[in-house]
Amino acid sequence: MAEAAAAAATRVFLEVRRQLQSALLILGEPEEAGLPMDISVTPSSLQVKTSEGCTEIWLPAEVRLIPSSCRGLQYLPGDGLHLRLQTRTGVSTKLISVFNQNSQAQDCCTFYCQSCGEVIIKDRKLLRVLPLPSDNWGTLVGEWCCHPDPFANKPLHPQENDCFIGDSFFLVNLRSDLWQPRPELAPVVTHRLSSENHFKLKPKANTKVICKRCKVMLGETMSSETIKFYMTEIVIQPSERNFSIIPRSQFVQSIFAQCLVELSSARSTFRFSIQGHDGKVYILLWLLNSDSLVIESLGSSKNIKKFSLLEDISKADSSSALNAVKVLYQPCLKSKKQE
């Protein structure tokens with residue numbers, strides 16, 4: 001997708017907006033020894049030459065620049081040189097993830113802990129994979145029904161071969177024959193699943209579901225037969241496929257971006273809040289756009305520390321081309337921005 005010359009010394013960042021057919025090019029601020037700088041723009045590549053080396057980026061096949069459209073040249077101290085161009089890109093705005101996280105009806109699926117790769121549920125046959133209504137659907141029933149809520153006190157629980165998909169979680173049925181009692185160690189009873197499933201349930205007063213190997217919180221129990229798994233903690237794959245560990249921040253970013261795009265598309269809302277398990281709001285988010293393609297050549301290790309967009313990818317390769325969403329965020333710390 002994107003390649004950089006071995007002697008790359010200048011950080012190059014390109015954000016392509018598919019819908020606007022435009023691109024923002026940022027050339028990282030070079031060292032004094034790196035001046036002057038020779039910049040070449042062709043429809044399919046960018047090249048930056050300095051006395052210290054050469055950085056070259058080849059664009060994906062679906063993206064082409066229009067060199068004659070260069071405009072808006074300006075220098076921002078501490079950031080670098082900014083330049084805007086027109087592009088020719090594909091019209092698709094679908095966010096493509098590197099993870100096949102969308103569950104589909106399969107013969108057999110295996111649930112893995114994303115952090116350590118531990119098998120959580122092995123060879124589970126999913127005959128129905130269904131989307132759940134929004135979390136606030138109950139409050140809207142009164143607007144549609146002229147009689148008492150017919151769905152009151154009737155939670156949606158999956159059957160044995162079901163998987164229900166919420167905004168940020170999976171609901172899975174735990175077959176009762178898998179449960180085996182464990183000796184009582186405290187005033188409350190603790191259970192443990194059989195060898196097929198490698199996670200343990202903490203005391204009943206604490207509904208957290210913890211990975212047995214790495215102790216990461218995977219979800220919570222909703223009833224004696226239903227568990228809610230968080231999408232950011234679980235990977236579901238066909239059983240015949242080999243599992244490979246994906247860098248944590250890369251995985252979370254992909255799942256998080258998918259959730260934002262799907263929610264904004266389904267509900268025509270672009271403002272979100274991130275809450276903890278205690279209901280406390282930690283971050284306010286505003287989705288600005290979801291049609292960006294980000295191409296970055298990080299150059300030297302100093303530039304990586306200063307500018308790296310995706311830390312795990314920068315460790316594996318000096319350049320990257322990824323679909324991305326852009327958000328405006330506001331932390332809510334120490335009672336600030338509570339209103």
Side-chain angles (χ1 to χ4, degrees), residues 1-90 95-98 246-247 249-250 253-254 257 288-289 291-327:
M1 289 167 54
E3 298 179 358
T10 302
R11 177 253 183 177
V12 178
F13 177 87
L14 181 69
E15 180 191 0
V16 178
R17 294 290 307 278
R18 291 187 177 90
Q19 288 184 325
L20 299 180
Q21 298 285 295
S22 67
L24 170 64
L25 173 63
I26 301 177
L27 302 177
E29 191 170 25
E31 301 291 340
E32 293 184 2
L35 296 174
M37 182 185 297
D38 183 17
I39 305 170
S40 300
V41 180
T42 70
S44 60
S45 67
L46 293 167
Q47 187 181 79
V48 181
K49 291 182 179 180
T50 67
S51 59
E52 292 186 339
C54 174
T55 300
E56 188 171 15
I57 290 181
W58 294 95
L59 304 179
E62 69 273 15
V63 178
R64 286 297 177 262
L65 301 177
I66 304 177
S68 61
S69 66
C70 295
R71 67 189 187 278
L73 181 65
Q74 61 176 329
Y75 174 76
L76 298 180
D79 193 14
L81 198 64
H82 287 227
L83 178 67
R84 292 192 176 275
L85 306 93
Q86 292 181 356
T87 64
R88 294 189 182 95
T89 61
L95 181 72
I96 302 174
S97 171
V98 294
I246 301 168
S249 64
Q250 187 179 351
Q253 286 184 73
S254 177
L288 299 181
N289 68 269
D291 65 335
S292 290
L293 176 70
V294 175
I295 304 171
E296 185 172 22
S297 177
L298 299 171
S300 66
S301 59
K302 181 177 180 180
N303 286 334
I304 290 177
K305 294 178 181 178
K306 187 175 182 180
F307 293 112
S308 176
L309 178 68
L310 301 172
E311 55 179 330
D312 290 311
I313 294 177
S314 69
K315 295 174 183 177
D317 192 358
S318 60
S319 61
S320 58
L322 299 168
N323 294 282
V325 299
K326 181 183 287 186
V327 298

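Source: prediction; values computed, not measured.
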TODO: Using the test side-chain hydrogen bond (donor to acceptor under 3.5 Å, both in side chains), find all partners of Ser292 that sit at least two apart in sequence or belong to another chain.
DONE: Glu15, Asn289
Open item on the list: My understanding is that only residues two or more places apart in sequence, or in another chain, count here; which of them pass side chain to side chain contact (heavy atoms under 4.5 Å, CB included) with Ile66?
Closed with: Ser68, Ser69, Gln86, Arg88
Task: Euclidean distance, Arg71 CZ relative to Arg84 CZ, rounded to 0.5 Å - done: 7.5 Å
Task: Sequence-distant partners of Ser40, side-chain hydrogen bond (donor to acceptor under 3.5 Å, both in side chains), two or more places apart - done: none
Task: Residues that Ser45 engages under side-chain hydrogen bond (donor to acceptor under 3.5 Å, both in side chains), provided they are two or more places apart - done: Thr42
TODO: Determine the sole option in Leu59, Leu293, Asp291 for which the side-chain contact (heavy atoms from CB on, under 4.5 Å) test with Val16 is passed.
DONE: Leu293
TODO: Could you tell me whether the side chain of Pro60 reaches within less than 4.5 Å of the side chain of Ile295, counting heavy atoms only?
DONE: yes
- [ ] Give me the one residue out of Leu46, Thr55, Leu83, Leu81 that meets side-chain contact (heavy atoms from CB on, under 4.5 Å) with Ile39.
- [x] Leu81
- [ ] Check whether any side-chain heavy atom of Leu14 lies under 4.5 Å from a side-chain heavy atom of Ile57, and answer yes or no.
- [x] no
Open item on the list: Among Gln21, Glu62, Arg64, which residue satisfies the side-chain hydrogen bond (donor to acceptor under 3.5 Å, both in side chains) criterion with Thr89?
Closed with: Gln21
- [ ] Dump the intermediate steps for side-chain contact (heavy atoms from CB on, under 4.5 Å) on Phe13 and Val294, then the final yes or no.
- [x] CA-CA 7 Å; Phe13 177 87; Val294 175; 3.4 Å; yes
Open item on the list: Counting C-beta onward and ignoring hydrogens, is there a side-chain heavy-atom pair between Thr87 and Arg17 closer than 4.5 Å?
Closed with: no
